[in-house]
Q: 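Got a structure for you, written out below as C-alpha cells; questions coming shortly.
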Amino acid sequence: MTQIAERPTGTGPADPTARATAWFDRFEAALRARDVAGAAEQFATTSFWRDLVAFSWNLTTVEDRAGVADLLTATLDGTDPHDFRLSEDATEEDGVVTAWFEFATATGRGRGLARLRDEDGRLVAWTFLTTLFEITGHEEPRGTRRPMGAEHGAQRDRRTWSEKRQEEAASLGSTTQPYVLVIGGGQGGIALGARLRQLGVPSLVIDKHPRPGDQWRSRYKSLCLHDPVWYDHLPYLKFPDNWPVFAPKDKVGDWLEFYTKVMEVPYWSSTTATSASYSEETGTWTVEVEREGQPLTLQPTQLVLATGMSGKPNWPTFEGQDVFRGEQQHSSQHPGPDAYRGKKVVVIGSNNSAFDICGALWENDADVTMVQRSSTHIVKSASLMEIGLGDLYSERALAAGVTTEKADLVFASLPYRIMHEFQIPLYDRIREQDADFYARMEAAGFDLDFGADDSGLFMKYLRRGSGYYIDVGAAELVADGEVTLAKGEVSHLTEDAVVLEDGTTLPADLVVYATGYGSMNGWAADLISPEVADKVGKVWGLGSDTPKDPGPWEGEQRNMWKPTQQPGLWFHGGNLHQSRHYSLYLALQLKARFEGIATPVFAQAEVHHRS
C-alpha cells in the first residue's frame, strides 16, 4: 500500500495516518497471500464490512470475523483486490481512526471508508465500506475522457449530433432493442437512465405521463421537497447554488424534464407497460407496452421497476363507501385545496401526506379533520436540517469539505445493524430542543413516537417507509386546534359522514385516504405475475423485527438495487438521495452483464414475506 502524501505525516505510532497505513499494509499482505484467516484477524471481534458491488456483485453486509472470512473465501480469488491507498490523511476522534481509501480489483476501481479502533492492543477494523465506482476499460467519458463533440475536418455525408440522436430515437424499440428497460420515469428512472447512458448501455426509460416531471406536477399543489437541496442532487448535474432549499413540486418537475433532455436519457412519455414475461431459454423479457395508444413489443434483457420505494396506493375498505355521497380520494389523487373552500374534509392518516394536505386545505378555508389511527413520529424541518443532516448535507458541511459524494459514502458506511445507535443521540437532542413543541402536540391529544427504539425518522423510513412527518408548519395547526384531531379506527361511512369505532361522527364532503402505499412487489405481481412476485419476495425493509418490518434480519434494503431471485428483474427507487447514490451501483451491475463480465453474486438474499 502507498500513501497519497509524500510529506511526513507524524512523529510516531500515535499518528492516525501512519497507523491506518500500517493497518492497510497488513490487510493487503494477507489478501495477496490469500490468507483469509489473517485478513479476517484485522477486523474487530464485533465488526461490519459493507460491500457495494466491489467484492460481492451485490449489496451486502457481513458481520464479525466469521462474516469477513465467508466473504473473502467466496470472492477473494475472483476479485483480486490490490493497491490499497489512503486518499487523504486519516483522522482520529474518540479513539476511532477514520481512513478514506482507494483500491483496485480484477474488474475495476473502488473507494471506501474504514473506521479503525484498538482492541486487545491492536488496531482493527470496526466498520469497513468498499464500493465499486468504475469498471476498468469501461470508464465513463468524463473529465479527460469527455467526448470531443465537434468532428473537425471535412467529411462527405457528415451527420450532425442532432441527426445521430434522431436516428437513434427512431431505431429504438424497432430495429434496436434496449438491453435495459426501466419502467418508471420519475427521479429514480431518470437518474438510472443517465447513468446507463454514460456507461454506453442501450437502455430505455418509459413512463405513463405526457412529460418527464409530471409525476411531481400532478400531485397536490402545496407539495414540496421536505429534504434539503444538498441531499437531493441528481448524478452528474447538481442543482445551481441559488436553488431553493426546499424545492416546490413544479420546480422539481421542470428540473427533471430539463435533466432528461440535457443528459440525453432515452425516454418515452405516454407509455404504459401492460405485461411482461421472462424466457428462461433466451434470458430475455417480452414486455408489451402501449405508446401513445399504440401497442408495441419490447424485448429487453434486463427489466428495472423504478416506481419509487412504494407500490400501489393502499385503499382501505370500509362499510358504506358505496353510499357516501361526497368525494373520496387517495392522497396520491388529491388535486389540491382549491375546490374545497368552505367544505368539510376528513383526512384519514397522520403522516407526511396527511399533514401536507390538511395544511393546504386549512389555508384555503376548508373545515379539516385529521383522523389519527396510530402514533406518528414528527420532527421539525429546521431541527432535522440542523441536527440530523447538517454535518453531511448543508452549506456548513460543504465549507468543511464534505461534498455530496463524500456525504453519501459516510452515510453508506454506517451498517444498518448499528445505524440506530448513531441516530438515537441526534433525536435525543431534537426532543430536548423542541420539548415545548412536543408537549403542545401531546396536550392536543396527538400520539407521538420516536420509532421503536427512539432512533427517529430515517430508521423508520428504512424499516417501513411510513409513520413520520417532517413538520413544515402543519403540525402547529393540530397543536392549536385549527385542524381538528380525531383518533381511532374508522367503523363505516354514512351518506355524509365518517363514523369512528367509538361512535364519533365526522361530517364530510370529501374523504382523503392518506393511508400510504403497498410494497413495490405489488407492481411485479400486476405486471409480470403473482408467481414472480412470490419468487422475489418483499421489497423494502431491513428485517429489523420492528413494527411493519418483520424479521428475519437481512442487513440491507430487501431487493433494492441488487440481484433478485428472478433473473433479469431489478428494483430501483427511494428518495432523491438514494436514487442518486444507488443508481451508480445498479448501473455498474447492469453494465458488467451487458459487457459479459462475470458477476458471481455473493450472499443472494433469501425470499421473505411479500406484504
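This chain uses plain numbering: 1 for the first residue, then up along the sequence.
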Q: Answer yes or no: is there a side-chain heavy-atom contact under 4.5 Å between H572 and T307?
A: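 They are not in side-chain contact.
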
Q: May I ask you to establish whether R558 and F571 are in a cation-pi arrangement, using a distance under 6.0 Å from NZ or CZ to the six-membered ring centre and at most 45° from the ring axis?
A: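 Relative to the ring axis of F571, which defines the angle, R558 lies outside at least one limit.
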
Q: Check G193 against S203 and note the closest heavy-atom contact, atom names and distance.
A: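 Residues G193 and S203, closest heavy atoms: O-OG, 4.5 Å.
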
Q: With a 4.0 Å cut-off on N to O distance, would you call E119 and R65 a salt bridge?
A: yes

Q: Could you tell me which non-hydrogen atom of R195 sits nearest to which non-hydrogen atom of H581, and how far apart they are?
A: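 That closest heavy-atom pairing would be NH2-O, 4.4 Å.
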
Q: Can R50 and E556 be said to form a salt bridge (Lys or Arg N to Asp or Glu O under 4.0 Å), step by step?
A: CA-CA 9 Å; R50 188 175 191 216; E556 294 287 339; 2.7 Å; yes

Q: In Å and rounded to the nearest 0.5 Å, what is the CG to CG distance from L132 to D51?
A: 8.5 Å

Q: Where the side chain of H233 meets the backbone of F239, is there a donor-acceptor pair that is under 3.5 Å apart?
A: yes

Q: Side chain to side chain contact (heavy atoms under 4.5 Å, CB included) between Y278 and Q566: does it pass, once the steps are laid out?
A: CA-CA 9 Å; Y278 183 76; Q566 170 58 53; 3.4 Å; yes

Q: Given the side-chain rings of W49 and F43, with only the six-membered ring counted for Trp, is the space between their centroids under 6.0 Å?
A: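 When the ring centroids of W49 and F43 are compared, they turn out to be within the sub-6.0 Å range.
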
Q: Of the non-hydrogen atoms in G185 and D207, which two are nearest, and what is the gap between them?
A: N-OD1, 2.8 Å

Q: Just verifying a value: how many Å separate T404 OG1 and L398 CG, rounded to the nearest 0.5 Å?
A: 6.0 Å

Q: For S544, give me all partners under side-chain hydrogen bond (donor to acceptor under 3.5 Å, both in side chains), at least two apart in sequence or on another chain.
A: T546, D549

Q: Can you tell me which residue among T136, I135, L588 is in a side-chain contact (heavy atoms from CB on, under 4.5 Å) with I597?
A: I135

Q: Is there a ring pair (Phe, Tyr, Trp, His ring centres under 6.0 Å) between H420 and Y416 once you walk through the steps?
A: CA-CA 8 Å; H420 66 284; Y416 290 129; over 10 Å; no

Q: Salt bridge or not for E102 and R109, using N-O below 4.0 Å?
A: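 Judged by the 4.0 Å cut-off on N to carboxylate O distance, E102 and R109 do not form a salt bridge.
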
Q: May I ask you to say whether D545 pairs ionically with R463, meaning some side-chain N is under 4.0 Å from a carboxylate O?
A: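 Salt bridge: no.
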
Q: Report the C-alpha distance between D35 and R26 in whole Å, list the side-chain angles of each, state the deciding distance to 0.1 Å, and finish with yes or no for salt bridge (Lys or Arg N to Asp or Glu O under 4.0 Å).
A: CA-CA 11 Å; D35 179 4; R26 294 192 298 272; over 6 Å; no

Q: Is it true that K591 and E595 make a salt bridge, defined as a side-chain N closer than 4.0 Å to a carboxylate O?
A: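 Between E595 and K591 there is a salt bridge, with a charged N closer than 4.0 Å to a carboxylate O.
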
Q: Any chance NZ of K535 has more than 12 other-residue heavy atoms, nucleotides or ligands included, within less than 6.0 Å?
A: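 It does: K535 NZ has more than 12 such atoms within range.
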
Q: Parallel, tilted or perpendicular for F101 and F128, by the 30°/60° rule?
A: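 It falls in the parallel class, under 30°.
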
Q: What orientation do Y468 and Y461 show, parallel under 30°, tilted 30 to 60°, or perpendicular over 60°?
A: perpendicular

Q: Using side-chain contact (heavy atoms from CB on, under 4.5 Å) as the criterion, point out the one residue from R145, E139, R146, E140 that pairs with R142.
A: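 Output: one option passes, namely E140.
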
Q: Can we say K406 and E88 salt-bridge, meaning some charged N sits less than 4.0 Å from an Asp/Glu carboxylate O?
A: yes

Q: Between atom OH of Y469 and atom OG of S381, what is the distance when rounded to the nearest 0.5 Å?
A: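 Interatomic distance, Y469 OH to S381 OG, rounded to 0.5 Å: 9.0 Å.
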
Q: Run W285 and T301 through side chain to side chain contact (heavy atoms under 4.5 Å, CB included) and show every step you take.
A: CA-CA 6 Å; W285 293 89; T301 302; over 6 Å; no

Q: Answer yes or no: is there an ion pair linking D83 with R32, defined by an N-O contact shorter than 4.0 Å?
A: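 Result for this pair is yes, salt bridge flagged.
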
Q: Can you classify the ring geometry of F411 versus Y393 as parallel (below 30°), tilted (30 to 60°) or perpendicular (above 60°)?
A: tilted

Q: Could you go through L234 and L256, starting from their C-alpha distance and side-chain angles, then the distance that decides it, and tell me whether this counts as side chain to side chain contact (heavy atoms under 4.5 Å, CB included)?
A: CA-CA 9 Å; L234 292 177; L256 292 176; 3.8 Å; yes

Q: Thinking salt bridges, do R396 and D391 make one under a 4.0 Å N-O criterion?
A: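 Salt bridge flag = yes for D391 with R396.
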
Q: Using 0.5 Å steps for rounding, measure from the CE atom of M560 to the CG atom of L462.
A: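 The CE atom of M560 sits 11.0 Å away from the CG atom of L462.
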
Q: Please report the interatomic distance OH(Y179) to OG1(T284), rounded to the nearest 0.5 Å.
A: 11.0 Å

Q: With the threshold set at 4.0 Å, does a side-chain nitrogen-carboxylate oxygen contact exist between K562 and E554?
A: yes

Q: On the 0 to 90° scale, with breaks at 30° and 60°, tag the F27-F84 ring pair as parallel, tilted or perpendicular.
A: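 Geometry flag for F84 against F27: perpendicular rings.
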
Q: Determine, for E93 against R115, whether the closest basic-nitrogen to carboxylate-oxygen distance falls under 4.0 angstrom.
A: no

Q: Would D80 and R34 pass as an ion pair if we require N to O under 4.0 Å?
A: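 Salt bridge: yes.
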
Q: Please identify each residue that fulfils side chain to side chain contact (heavy atoms under 4.5 Å, CB included) with V262, with sequence neighbours left out.
A: L237, F258

Q: In a check of side-chain contact (heavy atoms from CB on, under 4.5 Å) between L52 and each of T130, T61, L129, which one passes?
A: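 Running side-chain contact (heavy atoms from CB on, under 4.5 Å) over T130, T61, L129 with L52 returns exactly one hit, L129.
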
Q: Starting from the C-alpha separation in whole Å, work towards a yes-or-no answer on side chain to side chain contact (heavy atoms under 4.5 Å, CB included) for W553 and R417.
A: CA-CA 9 Å; W553 177 254; R417 176 77 81 177; 3.0 Å; yes

